[in-house]
Amino acid sequence: MELTADLQSRLKRCRSLVVLTGAGVSAESGIPTFRGAGGLWKQYRPQDLATPEAFSRSPEVVWEWYDMRRSLIAAARPNPAHQALVDLEALFPSFLLITQNIDGLHRRAGTQALLEIHGNIWKARCTVCAHVFDELRNPLPFPELPRCSLCGQLARPHVVWFGESYDAQIIERAEDSLSHCELLLVCGTSGMVSMPVFLTRMARDRGALVLECNLETSEISSLADFSFSGPAGETLPQLVQFFRE
Ligand code: BJW
Ligand code: ZN
């Protein structure tokens, strides 16, 4: 790590940490990211799979895509980046992890204080009564589509698609913790959907230090006090070491 002595001592004084993660954190578990080489949006069109209109047109196509992704995720394991974030939770008196990832790997690794702002791939939500349920452990018995466990109507993946709003209560909790935190760590997100940039700006405006871990320059980089360049599975364990010393 090449942090200046001043930044090192400011970091060591921080007692509250918020972490914001994106697909790059799960990349080393073998789960494809969205943008960039090998990304899902290179192979699939978001407007065909990740919008409410696409689901209304062809729910079976959308469910099939999520079924394929669930198989990949079921076979994957949390990687050293997920583990490092579990270690950081133990080191900070106040901690929250806000993730855009729907894969559930942070929970599987052992993170406790977690906000999944884009939902969870293992859950479904009724298109009529909005009941959320998690009965998606096994591959779907196509051509049957998941039905609400309460009212029997068609269910959809419990995720946030393009053109949809975030859950207001979840964003309120994210904003509340960001407005009080001393340190924000942003890992493995391009910042191409607006929420990570919005939340990072907010934390910075309220005086938080901002660190970034990414393979490449992102929309977050210009807002960060320092960017660690490299795979999160290497840089995050180094950061844990720094806070332990
Ligand atoms: C590594 C690494 C390694 C690689 N180590 N790093 C109304 C109507 C229409 C549109 C809009 C609207 N309101 C707003 C919009 C705009 C739209 C938007 O942002 N569009 C842009 C694309 C231009 N936004 C929305 O529609 C959002 N809604 C919204 O803003 O509502 C307004 C509102 C705000 C506040 C309160 C209430 C309302 C919703 C966006 C939903 C995005 N959904 C998706 C798919 C659904 C879930 C799923 O199926 O998985 O979420 S899109 C996709 O992008 C997915 C991700 O969570 C999200 C972010 O991607 P992420 O994580 O950043 O991944 P990548 O691939 O982009 O980047 C990976 C990064 O990792 C790279 O930087 C690599 O370098 C790095 N990396 N390997 C470290 N080993
Ligand atoms: Zn229902």
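Numbers here simply count residues along the sequence, with the first being 1. Predicted, not measured: the structure shown is a model, and the values here were computed from it. When a ligand or atom number is given, it counts from 1 through the structure's own listing order.
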Checklist entry - How close does the nearest protein non-hydrogen atom get to atom 79 (C) of ligand 1, and which residue and atom is it? => result Ala232 N, 3.6 Å
Checklist entry - Which atoms of ligand 1 have any heavy atom of Gly22 under 4.0 Å away? => result 62 (O)
Checklist entry - Between Arg69 and Ile102, is any pair of side-chain heavy atoms under 4.5 Å apart? => result yes
Checklist entry - So, do Ile98 and Ile170 sit near enough that their side-chain heavy atoms are less than 4.5 Å apart? => result no
Next on the checklist: Nearest non-hydrogen contact with atom 44 (C) of ligand 1 belongs to which option: Val160, Val193, Thr21?
Outcome noted: Val160
Checklist outcome for this item: In this structure, atom 63 (O) of ligand 1 is nearest to the protein heavy atom Thr189 OG1, 2.6 Å
Checklist entry - Where the closest heavy atom to atom 60 (O) of ligand 1 is concerned, which of Glu234, Arg35, Glu28, Met195 has it? => result Arg35
Next on the checklist: To check your reading of the model: name the closest protein heavy atom to atom 56 (C) of ligand 1, its residue, and the distance in Å.
Outcome noted: Phe34 CE1, 3.5 Å
Checklist outcome for this item: When distances are taken from atom 57 (O) of ligand 1, the protein heavy atom at minimum range is His118 ND1, 2.8 Å
Checklist entry - Any idea which protein heavy atom is nearest atom 69 (C) of ligand 1, and the distance to it? => result Gly188 O, 3.7 Å
Checklist entry - Which atoms of ligand 1 are found less than 4.0 Å from any heavy atom of Glu216? => result 75 (O)
Checklist entry - Based purely on interatomic distance, does Ser190 place a nitrogen or oxygen under 3.5 Å from a nitrogen or oxygen of ligand 1? => result yes
Item to check | Contacting atoms of ligand 1, where contact means under 4.0 angstrom from a heavy atom of Phe162 | outcome: 22 (C), 26 (O), 52 (S)
Checklist entry - Does Arg45 make a cation-pi contact with Trp41, if we ask for NZ or CZ under 6.0 Å from the ring centre and within 45° of the axis? => result no
Item to check | Per-atom contacts of ligand 1 with Ile102, taking only distances under 4.0 Å to non-hydrogen atoms | outcome: 48 (C), 49 (O), 50 (O)
Checklist entry - Protein heavy-atom contact under 4.0 Å for atom 46 (C) of ligand 1? => result yes
Item to check | Nitrogen or oxygen of Asn214 less than 3.5 angstrom from that of ligand 1 | outcome: yes
Checklist entry - Out of Gly163, Ala37, Cys213, whose heavy atom is nearest to atom 8 (C) of ligand 1? => result Gly163
Next on the checklist: For atom 14 (C) of ligand 1, what is the closest protein heavy atom, and at what distance to 0.1 Å?
Outcome noted: Ser194 OG, 4.7 Å
Checklist entry - To which of Trp41, Tyr166, Phe228 does the heavy atom nearest atom 37 (C) of ligand 1 belong? => result Tyr166
Next on the checklist: Can you confirm whether Thr200 sits close enough to Leu184 that some side-chain heavy atom of one is under 4.5 Å from a side-chain heavy atom of the other?
Outcome noted: yes
Checklist entry - Please state which protein non-hydrogen atom is closest to atom 49 (O) of ligand 1 and give its distance, to 0.1 Å? => result Tyr66 OH, 2.6 Å
Next on the checklist: Counting non-hydrogen protein atoms only, what is the nearest one to atom 21 (C) of ligand 1? Give residue, atom name and distance.
Outcome noted: Met192 O, 3.3 Å
Checklist entry - Is the distance between the Zn ion (ligand 2) and the nearest N/O/S atom of Cys129 smaller than 2.8 Å? => result yes
Checklist entry - Are side-chain heavy atoms of Gln47 and Phe162 found at a separation under 4.5 Å? => result no
Item to check | Atoms of ligand 1, numbered as shown, that sit under 4.0 Å from any heavy atom of Ala27 | outcome: 78 (N)
Item to check | Thr21 side chain near Val186 side chain, heavy-atom distance below 4.5 Å | outcome: no
Item to check | Gln83 and Asn79: side chain donor to acceptor below 3.5 Å | outcome: no
Item to check | Pro52 backbone acceptor or donor facing Ser56 side chain under 3.5 Å | outcome: yes
Checklist entry - Between Trp65 and ligand 1, is there a nitrogen or oxygen pair with a distance under 3.5 Å? => result no
Checklist entry - Counting only N and O atoms by type, is there a donor-acceptor contact under 3.5 Å from the side chain of Gln100 to the main-chain atoms of Ile117? => result no
Next on the checklist: Whether Lys42 engages the ring of Phe34 as a cation-pi pair (distance to the six-membered ring centre under 6.0 angstrom, angle to the ring normal within 45°) should be assessed.
Outcome noted: no
Checklist entry - Any side-chain heavy atom of Ser29 sitting closer than 4.5 Å to one from Arg77? => result no
Next on the checklist: Below a 4.0 angstrom heavy-atom separation, can you tell me which part of Ser165, side chain or backbone, both or neither, approaches ligand 1?
Outcome noted: both
Checklist outcome for this item: At under 4.0 Å between heavy atoms, what of Leu215 touches ligand 1? The answer is both
Checklist entry - When only distance counts, is Glu164 in polar contact with ligand 1, meaning an N/O pair under 3.5 Å? => result yes
Checklist entry - Do you see a protein non-hydrogen atom under 4.0 Å from atom 30 (O) of ligand 1? => result yes
Checklist entry - Can the positive tip of Arg156 be found less than 6.0 Å from the middle of the six-membered ring of Trp63, inside 45° of the ring normal? => result no
Item to check | Residues Glu212 and Ser218: side-chain donor-acceptor under 3.5 angstrom | outcome: yes
Checklist outcome for this item: His158 meets the ring-ring contact (aromatic ring centres under 6.0 Å, His included) criterion, sequence neighbours left out, with none
Next on the checklist: Please report whether ligand 1 has a polar contact with Ala23, defined as an N or O pair separated by less than 3.5 Å (distance criterion only).
Outcome noted: yes
Next on the checklist: Below 30° counts as parallel, above 60° as perpendicular, anything between as tilted: where do the rings of Phe133 and His131 land?
Outcome noted: parallel
